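Heads up, the thing below is written out as structure tokens.
On a predicted model such as this, the values are computed, not experimentally measured, just so you know.
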Amino acid sequence: MDSPPVLPLVVALPRPARASSTRVHLGASELVLEATRGGHSLMWSDGREARRFSLGLANDGELALELRAPKWPLRVVVREVLALAPRGRIRGYVQVPLVPTVTWNAAGETRVLIELPPRDLGVEWDEHEGSLCRCTSPWHARVPMRSGEPRAVVPLHVRNATAEVACPSHVPLRVVDEELVELRGSIVGRPRRLVWTQGGFEDLPARTGAEIAQ
């Protein structure tokens, strides 16, 4: 069985000649860039739904496909029940969807041309926290094997600092582009140390980046 492809953060999108195309695969999704009369056509399909864009491009720039972090804070709903005994702790990994983003690079500047948010990344409004993204993830005891899907692996160390059993409904995360790195063919975010208190989770600084490999 062939191993899934290595997942890069940035992929160049060369503009094709007439009657040809540039194709990029991200897991089950595919991006197709074609030259048309007077412009370019871009089609994005996730296997269930397709979206088409008509592009007008200048001659002095380049297109790229970047994998970017969600704009808003994340609520990661763990598919398993996460139960923490008083003073208990657990270490593992979750995966969060990344947003495939078509960018235009010219004159030393990068501008977002098209954002293609994945189906499994929902956006909701919270009266106290404002805009939020919601997703689900298994709780991985080890670094998950790469699948080719546009997701980032986030190492977590979760501790219950209270004297009561804690069963949090979700894990709060804020992932930003600057923390994402390519590692062993996957994309990885910075390790988190989350502490459950009476007021909810607190995000403490991680000790070292070596936690990624443990």
Side-chain angles (χ1 to χ4, degrees), residues 2 4-77 79 94-107 109-126 130-138 144 146-154 173-180 182 185-187 189:
D2 294 336
V6 173
L7 196 61
L9 280 167
V10 182
V11 177
L13 291 177
R15 281 179 277 184
R18 288 290 298 272
S20 63
S21 63
T22 297
R23 295 175 179 265
V24 176
H25 293 270
L26 288 174
S29 300
E30 181 184 43
L31 181 147
V32 182
L33 178 66
E34 298 178 329
T36 60
R37 186 183 298 273
H40 289 79
S41 172
L42 185 145
M43 187 182 73
W44 173 259
S45 173
D46 63 3
R48 291 187 292 176
E49 181 182 1
R51 301 171 62 189
R52 187 175 293 275
F53 305 85
S54 295
L55 308 181
L57 307 176
N59 295 325
D60 60 346
E62 301 293 338
L63 290 169
L65 178 65
E66 301 184 13
L67 296 181
R68 296 195 171 189
K71 286 183 176 180
W72 316 114
L74 282 160
R75 287 179 174 175
V76 182
V77 179
R79 292 175 184 168
V94 295
Q95 292 178 292
V96 301
L98 298 176
V99 181
T101 304
V102 179
T103 59
W104 176 251
N105 308 281
E109 294 186 359
T110 298
R111 299 184 182 275
V112 172
L113 198 60
I114 298 170
E115 292 181 333
L116 301 162
R119 188 186 297 270
D120 54 354
L121 184 66
V123 178
E124 59 188 40
W125 176 262
D126 184 90
S131 295
L132 296 167
C133 290
R134 179 180 288 270
C135 66
T136 61
S137 172
R146 69 174 189 261
S147 65
E149 295 294 335
R151 298 190 182 101
V153 177
V154 181
L173 295 175
R174 183 69 168 102
V175 181
V176 296
D177 293 332
E178 292 75 17
E179 74 179 79
L180 299 176
E182 298 175 21
S186 299
I187 296 174

Before you tell me yes or no, could you show the steps for Arg119 and Asp46 under side chain to side chain contact (heavy atoms under 4.5 Å, CB included), namely the whole-Å CA-CA distance, both residues' side-chain angles and the distance that decides it to 0.1 Å?
CA-CA 9 Å; Arg119 188 186 297 270; Asp46 63 3; 3.0 Å; yes
Going through the distances and angles, do Leu113 and Leu57 end up as a side chain to side chain contact (heavy atoms under 4.5 Å, CB included)?
CA-CA 10 Å; Leu113 198 60; Leu57 307 176; 4.2 Å; yes
Intermediate values then yes/no, side chain to side chain contact (heavy atoms under 4.5 Å, CB included), Ser131 and Trp125
CA-CA 5 Å; Ser131 295; Trp125 176 262; 3.7 Å; yes
Apply side chain to side chain contact (heavy atoms under 4.5 Å, CB included) to Leu13 and His40, showing your working.
CA-CA 12 Å; Leu13 291 177; His40 289 79; over 6 Å; no
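With sequence neighbours left out, the side-chain hydrogen bond (donor to acceptor under 3.5 Å, both in side chains) criterion links Arg18 to no other residue. Scored by the side-chain hydrogen bond (donor to acceptor under 3.5 Å, both in side chains) test, Glu124 finds Arg75, Arg134 as partners (sequence neighbours excluded). Checked against salt bridge (Lys or Arg N to Asp or Glu O under 4.0 Å), Glu182 has no partners two or more places apart in sequence or in another chain. Shown here are the side-chain hydrogen bond (donor to acceptor under 3.5 Å, both in side chains) partners of Glu62, two or more places apart in sequence or in another chain: there are none. With sequence neighbours excluded, no residue forms a salt bridge (Lys or Arg N to Asp or Glu O under 4.0 Å) with Arg51. For Thr110, the side-chain hydrogen bond (donor to acceptor under 3.5 Å, both in side chains) partners two or more places apart in sequence, or in a different chain, are Asn105.
Looking at heavy atoms from C-beta onward, Val76 lies out of side-chain contact with Thr136 at the 4.5 angstrom threshold. Within the 4.5 Å cutoff, side-chain heavy atoms of Leu26 are placed close to those of Pro100. Two residues are said to be in side-chain contact when any heavy atoms from C-beta on lie closer than 4.5 Å; Leu132 and Pro73 meet this criterion. Using a 4.5 Å heavy-atom threshold, the side chains of Ser41 and Ser54 count as separate. Proximity of Leu55 to Leu33: side-chain heavy atoms (C-beta onward) are separated by under 4.5 Å at one or more points. Side-chain contact between Val175 and Leu74: present, with at least one pair of heavy atoms (C-beta onward) separated by less than 4.5 Å. Proximity of Leu173 to Val94: side-chain heavy atoms (C-beta onward) are separated by under 4.5 Å at one or more points.
Ser137 places a side-chain N or O within donor-acceptor distance of the main-chain N or O of Gln95, the cut-off being under 3.5 Å. One N or O on the side chain of Thr101 and one on the backbone of Val99 form a donor-acceptor pair closer than 3.5 Å. No donor-acceptor distance shorter than 3.5 angstrom exists from the side chain of Glu66 to the backbone of Leu9, with no hydrogens or angles considered. The closest donor-acceptor contact from the side chain of Asp177 to the backbone of Arg68 lies at 3.5 Å or more, if one exists at all. With hydrogens and angles disregarded, a donor-acceptor distance shorter than 3.5 Å links the side chain of Glu179 to the backbone of Val176.
Taking CG from Leu98 and CG from Leu121, the interatomic distance works out to 9.0 Å, rounded to the nearest 0.5 Å. With rounding to the nearest 0.5 Å, the separation of CD in Glu109 from CH2 in Trp104 is 13.0 Å. For the atom pair CH2 (Trp44) and CG (Leu65), the distance works out to 6.5 Å, reported to the nearest 0.5 Å. Between His25 atom NE2 and Glu30 atom CD the span is 4.0 Å, to the nearest 0.5 Å. To the nearest 0.5 angstrom, Thr22 atom OG1 is 10.5 Å from Arg15 atom CZ. For the atom pair CG (Leu116) and CG (Leu31), the distance works out to 7.0 Å, reported to the nearest 0.5 Å.
The shortest heavy-atom contact between Ala106 and Gly61 is CB-CA, 3.9 Å. Nearest approach of Leu180 to Gly189, heavy atoms of both residues: CD2-CA, 4.3 Å. Residues Arg146 and Ser186 share a closest heavy-atom pair of CB-OG, 3.4 Å. Across Ala17 and Ser20, no two heavy atoms sit closer than the pair O-OG, 2.6 Å. Closest approach of Gly27 and Glu149 over heavy atoms only: CA-OE2, 3.3 Å.
Inspection of the Arg111 and Thr103 side chains reveals no N or O donor paired with an N or O acceptor under 3.5 Å. Side-chain atoms of Ser21 and Glu34 form no donor-acceptor pair, as typed in the model, at a separation below 3.5 Å.
Considering Val96, Leu7, Val153 as possible partners of Ile187, the one that fulfils the side chain to side chain contact (heavy atoms under 4.5 Å, CB included) test is Leu7.
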